[in-house]
Amino acid sequence: MGNMATEIVAFILAISGWILVSSILPLDYWKVSSVDGTVITTATFWSNLWKTCVTDSTGVSNCKDFPSMLALDPYIQVCRGLMIAAVCLGFFAAIFALIGMKCTKIGGSESTKARLAVLSGFHFILSGLCCMTACSIYAHRITTDFFDPLFVAQKFELGAALFIGWAGSVLCILGGLVFCLSLSEGSSAEYSYTGAASFSKACHKQSKTVNRLHKEPGEPSRQFGRNAYV
């Protein structure tokens with residue numbers, strides 16, 4: 001029962017993280033910059049993996065998609081690939097988890113379900129690592145340009161999407177680790193139970209053998225006939 005509850009907690013953590021990871025892929029504010037006037041912010045520039053936009057003080061946004069995938073900066077292409085891999089890995093991990101969890105009635109034998117649960121844990125961990133790597137690469141580029149005194153173009157700051165991605169990555173990794181640890185706990189408990197049963201059975205068999213050896217070979221039988229006292 002405890003192992004089943006641990007798997008449910010791991011599934012909730014991992015699925016929550018995967019939802020956050022998937023939500024930042026089309027999210028707007030990966031990096032943001034603003035131009036301030038004397039009283040109000042006159043324009044806000046923001047960008048993500050797919051387009052760059054500007055929003056004026058009236059709330060009207062003008063966006064421009066990146067013209068060519070091959071002409072993109074390498075770090076944006078890497079981040080795209082890692083984020084797509086993170087979403088796909090999390091999707092397959094969720095399927096494996098639903099089949100491998102003990103609270104579901106599909107998946108075959110207990111050993112097969114245990115292997116699927118571990119496989120889902122590894123997929124969740126890989127999904128979190130991919131998303132964390134993508135967000136870190138993007139953030140490193142932003143901070144490098146921001147603190148570079150020779151960089152004369154417009155400087156950006158970290159957007160909200162990066163922080164959401166880091167949080168989702170941590171949840172995915174935690175959920176995957178709990179999946180793997182729950183299986184190891186279940187395996188150790190099963191081993192100790194079977195080991196104790198085997199030990200008690202061996203002790204019982206040994207005691208019977210010792211009792212048989214202690215019986216004297218010339219001990220008279222206690223079975224008497226009908227005319228023993230006649």
I would like to know whether L162 and Y29 meet side chain to side chain contact (heavy atoms under 4.5 Å, CB included); could you show each step before the answer? CA-CA 8 Å; L162 296 177; Y29 295 98; over 6 Å; no
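Remark: side-chain polar atoms of S111 are not paired, donor with acceptor, to backbone N or O of R115 under 3.5 angstrom. When atom types are taken as modelled, the side chain of Q77 and the backbone of M69 share a donor-acceptor pair closer than 3.5 angstrom. Side chain of S23 to main chain of L20: a donor-acceptor pair is present (N/O by atom type, distance under 3.5 Å, no hydrogens or angles). Put simply, the side chain of S33 never gets that close to the backbone of F156: no donor and acceptor are under 3.5 Å apart. In this structure a side-chain-to-backbone donor-acceptor pair under 3.5 Å is present from K155 to F146. Between the side chain of K113 and the main chain of I106, a donor-acceptor pair closer than 3.5 Å is present. A donor-acceptor pair under 3.5 Å links the side-chain atoms of T104 to the main chain of M101, judged by distance alone. For the pair E7 (side chain) and K102 (backbone), a donor-acceptor distance under 3.5 Å is present. When atom types are taken as modelled, the side chain of S61 and the backbone of T55 share no donor-acceptor pair closer than 3.5 angstrom.
Looking only at side-chain heavy atoms (C-beta outward), R141 and K31 stay at 4.5 Å or farther from each other. Side-chain contact check for S136 versus T133: every heavy-atom pair is 4.5 Å or farther apart. Contact of the L82 side chain with the I137 side chain is registered, since non-hydrogen atoms from C-beta on lie closer than 4.5 Å. Contact annotation: the side chain of W18 never approaches that of L171 to less than 4.5 Å [non-hydrogen atoms, C-beta and beyond]. For the pair L158/F163, a side-chain contact is recorded, criterion being any heavy-atom separation below 4.5 Å from C-beta on. The shortest distance between side-chain heavy atoms of R80 and I76 falls below 4.5 Å.
Under the 2.5 Å SG-SG cutoff, C131 and C172 do not qualify as a close cysteine pair.
Closest of all the heavy-atom pairs between G100 and A117 is O-CB, 4.0 Å. Nearest heavy-atom pair, S109 versus T112, reported as atom, atom and distance to 0.1 Å: OG-OG1, 3.1 Å.
Atom CZ of F122 sits in a sparse spot, with 12 or fewer heavy atoms from other residues, nucleotides or ligands closer than 6.0 Å. For CZ of F45, the number of neighbouring non-hydrogen atoms (other residues, nucleotides, ligands) closer than 6.0 Å is greater than 12. Heavy atoms from other residues, nucleotides or ligands lying under 6.0 Å from OH of Y75 number more than 12.
A distance of 9.5 Å separates CD1 of I125 from CG of L174, quoted to the nearest 0.5 Å.
Aromatic ring pairs are classed by plane angle as parallel below 30°, tilted from 30° to 60° and perpendicular above 60°; the pair Y138 and W30 is perpendicular. Classified by interplanar angle (parallel below 30°, tilted 30° to 60°, perpendicular above 60°), the ring pair H123/F96 is perpendicular.
By the rule that hydrophobic residues join a cluster once side-chain heavy atoms approach within less than 4.5 Å of another member, L27 and V21 end up as members of one cluster.
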